[in-house]
Every structure is written in structure tokens, then in C-alpha cells.
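Everything on this sheet refers to the single structure shown next.
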Amino acid sequence: MEIVKQQNKMNCRLLMFPAPFQGHVTPMMHLSNLLYYKGFSITVIQTTYNPLNPANFPNLTFHSLDDGLFEAYSRCPPPDSFKVLDDMNSSCREPFRDCISQILKDAAGATDQDPVTCLIADPMFMFAGSVADSFNLPRIALRTGAMSTYVVYDSLSALREKGCFPLDETKLNDPVLEFPPLKVKDLPAETLHHTLSIVLNETRTSQGMICNTFQELENDSIARVQQAHPFPIFPIGPIHKYFPASQVSIWTEDKTSIAWLNTKAPKSVLYVSFGSVAAISEAEFLEVAWGLADNEQPFLWVVRAGLIQGSDNSYTLPEGYKDIVSKRGHIVSWAPQAEVLSHPAVGGFWTHSGWNSTMESISEGIPMLCLPLFGDQSMNARYVSEEWKIGLQLEKGVKREDITKAIRKLMVEEDGKEMRNRVTALKEKADLCLKEGHSSYKYLDELISYILAM
Ligand code: UDX
């Protein structure tokens, strides 16, 4: 689906504020491009940590916060994402206030600039709401994860009151009766609850919520969230499908991935990537390597910097490994994932079940092998394997024999074929919902009218 630039200008400027993690940057930048093409002027406010290259977005205006984050992080080892979240929330508030103040002042003093109508912010910024309120600037939240997981987050205090936490180690495989098909072990760890409650509050106090999902996939959860919130919800996804070619990676994509895929048979390749943040131990890394090697299936594997816990961004494969996998395996440090998943040679995706990866896989009709590693990923994986039945999950740790069996099941056995049929049917729904008269298209129109009436 390719959007054509709308000729009529909306005469308003939107401020976009992406959290500096790839899984959050991706949907926010696709949304920025989309709204630009719908006629809005767009300003992106970014932190100095993980910045995008503005040259890749010639139609958008960029502002960088004077937050000191980059300087702080360039002096120490790469921080974990929760530390970044904390630092970001303490360092960015005042620079963000100054930045908004300056943008509004500039817009008010100029006759050739569109007035600023609204801020679209990632609710991981726990101060954006109060800053926007102090300028009377309307704000919409972009929810980058699933609606089903949002419903669970929104119910955590009720679950706590019912005694679900701390999680009972003897009941981890029991069903969560309120949220089928989730199991107790899929619920978010208690250490995350405080952060989640602040992020939820940031969402709840906004004037609307855009989400990267579509009605035909998460109808019940969308309805539930809509019922529980006083503002409109806009499920306009899959957001990346409006502009399949736009370049939203923070890191450089290794294009040899595509040249290598071009040499492979249709649906023969397993694409393996565990997202932009999650890490595994060195022992698990070796099990993954041997699980892939002990299999006939060709594979394209992303080994990104920081994938191995405690490593200094380098990794060592066992001696002789490269010869053993030879032409059957290709390893890159960062792939053009959306392009990879849409390549005819790709037949399966071994993923950590981040929400963007899940949506990208569904949008291309690719069945998944799930290895959730933290946060919302266990819940996403449960929906993939047990609700939509479009993948299977590695649940008993990372062992090479289990990996080899699971890959066979996904790529060549009857179970895998059934998963492929079901995900193909979902892909068709995802394609349709973006077309005129269908769900995401209608929600996008509603979103635009809502912004124009602010
Ligand atoms: C994080 C959390 O892990 C996830 O659970 C949450 O839903 C969002 O934030 P992340 O680990 O980055 O996300 O995973 P995911 O949501 O799948 O996003 C990763 C993005 O990076 C995807 O858009 C994917 O296409 C892109 N990617 C990944 C690449 O472009 N190239 C790669 O090599 C790997």
C-alpha cells in the first residue's frame, strides 16, 4: 500500500516525540511520514541518545534536545534499557520544556509557519503530559505495543488485589482466568509494575491513543480499552505498511541480506532476530548457533551488538562453525527486517516476539517460532501460539535439540503448514484493513478529523 501525497495542506503542525528505542522509533517515524503525506507539517523532537539521521527524512523538521544523554553514554558501557528509561526521564524534562517553548514562540511570531496543533508522544516519556498541559498543548499517546497487553497492564492493580502477585512459583503454568490464553508465567514481572503504572497514567491523561494494531486482529481488546477510556482509540496499523520502503532504522542495515536471500528457494529461509534490546547468555547464544547448524534449513541470523549479555559488542562462533553452515547460513549485525520478511525466500521467523516484529511477520504472512525474553514478549508469544495459532513457542529454555525440532515443525511439517495458512489469512485481513472503507483506513480518517478539531 503506497500513500500518495495529499495536495490540500492541513495548515497545522504536529510535534512527534519518539522514545529512543528502535521498537518505539519505528512506529513513530512511520506515523510521522504518514501524517506528512496526509498534509500535516511535522516536527520530530529527539533525544541525543540513539538519534535518527534527519537526512533520511527530508520532509520533516528535526529538533534535538539539549539533554546530555549522548555525552553521558559515550563515556560508559552501553546501558540497559531500564537505566536509559530512568536517565531519559530525569534528563529530558527541562530540555523538552525549553524546546516546546521555543517551537511555540517561533510559530507564534512567524506568518509563514503552521500553528502547532498537537503533540504525539510516546508515553515512555513520563513528563511529556505535564509539560504539554503547562502550554495548553493537546496530546495524543502512541501505544507501540499490543492492545491485548495494554489491557493486562491496565488490570495489574486488580490482579494484585486478587493475590496474583507475587507470582506463585508452583502455579506458573496455570491459566490466568481473566485473560485467556495467558498463563501465570506470562504476566509482567513485579519489578516492572511501578514503571508500567506511570506509563499507563501518561497514556490515560492524554486526549487520544493511536495504536499499531488492527481491528480484525485485536477486536475484543480494542473494544475493552475503548470502553475503559474517555478518549478515542485509533487502531490504524499495521503502520509500517503505508510506506514499506521508508528508512527508519537507527543502525545501518546490512543489504547483503537481500542479495543472499535472492539465491535461496521460495519459503526456504528461517529469519532469526531477537530485536533491538533483548540479550541472551553466551551459553544460550551457542545453543542457538548449534540449533541452527544441526538443521537442513537455510537461515539469516541477526547478531546485533549487545545481543550477548556482558559482551563488549563482539562475539565468537565455535571453531569451524562458519565452514559447517557454509552457504546455508548468513549472519549480519542488523538487517532491513521489513524488507527481509517480505522477501519470497523467507518461510519462517524465529523472533523474541517484540510487538513490531510480530506485526511485521503477520503483515507478510510469515509463521513464527517465539523465544520471548522480557516484558510484553511472553504475552505476545502466547497470543501468537495459542490464540491466533500462527507460531509455536520454545518454552523449556534454549536447548539445541528443542530448537532443531521446533525449526523442522515450523518450516517443513504439517503443523507449520497449518500455521502458515492461518497467518496468510491474517495477512490478507491486514492488507484489506488499510484500504478505503476498511477499519484502519477509517480510523486514520477519524484521527485526522480529531486532530483538526483540536
Ligand atoms: C521493544 C520490546 O522488546 C518489545 O517487546 C516491545 O513491544 C517494543 O519495544 P524491540 O526489542 O526493539 O522492542 O522489538 P520490536 O518491537 O520487534 O522492534 C524491533 C524493530 O527493529 C522492528 O521494527 C524491526 O523491523 C527492527 N529491526 C530489528 C530491524 O530493522 N533490523 C534488525 O536486524 C532487527
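Excluded from the calculations below are hydrogen atoms, water molecules and symmetry mates; all remaining heavy atoms, backbone and side chain alike, are included. Atoms within each ligand, like the ligands themselves, are counted from 1 in listed order. Note that the structure is predicted; figures quoted are calculated from it, not measured.
Within the structure, every pair that satisfies the salt bridge (Lys or Arg N to Asp or Glu O under 4.0 Å) test and touches residues 184-201, not counting sequence neighbours, is listed here: Lys185-Glu395, Asp186-Arg382. Sorted by first and then second residue, the side-chain hydrogen bond (donor to acceptor under 3.5 Å, both in side chains) pairs with a member in residues 256-266 read Asp254-Thr256, Thr256-His330, Asn262-His343; sequence neighbours excluded.
In this pair, Tyr383 and Trp388 present their aromatic rings tilted. The plane angle is within the 30 to 60° band. Using cut-offs of 30° and 60° on the angle between ring planes, the pair Phe62 and Phe57 is tilted. Using bins of under 30°, 30° to 60° and over 60° for the plane-to-plane angle, the ring pair Tyr150/His229 lands in the tilted bin.
Listed by chain and residue number, Asp67 satisfy the side-chain hydrogen bond (donor to acceptor under 3.5 Å, both in side chains) test with Thr48 (two or more places apart in sequence, or in another chain).
Among protein residues, Gln22, Gly23, His24, Thr26, Ser249, Tyr271, Ser273, Gly275, Ser276, Val277, Val302, Trp334, Ala335, Gln337, His352, Gly354, Trp355, Asn356, Ser357, Glu360, Phe374, Asp376, Gln377 come within 4.0 Å of ligand 1, judged on heavy atoms.
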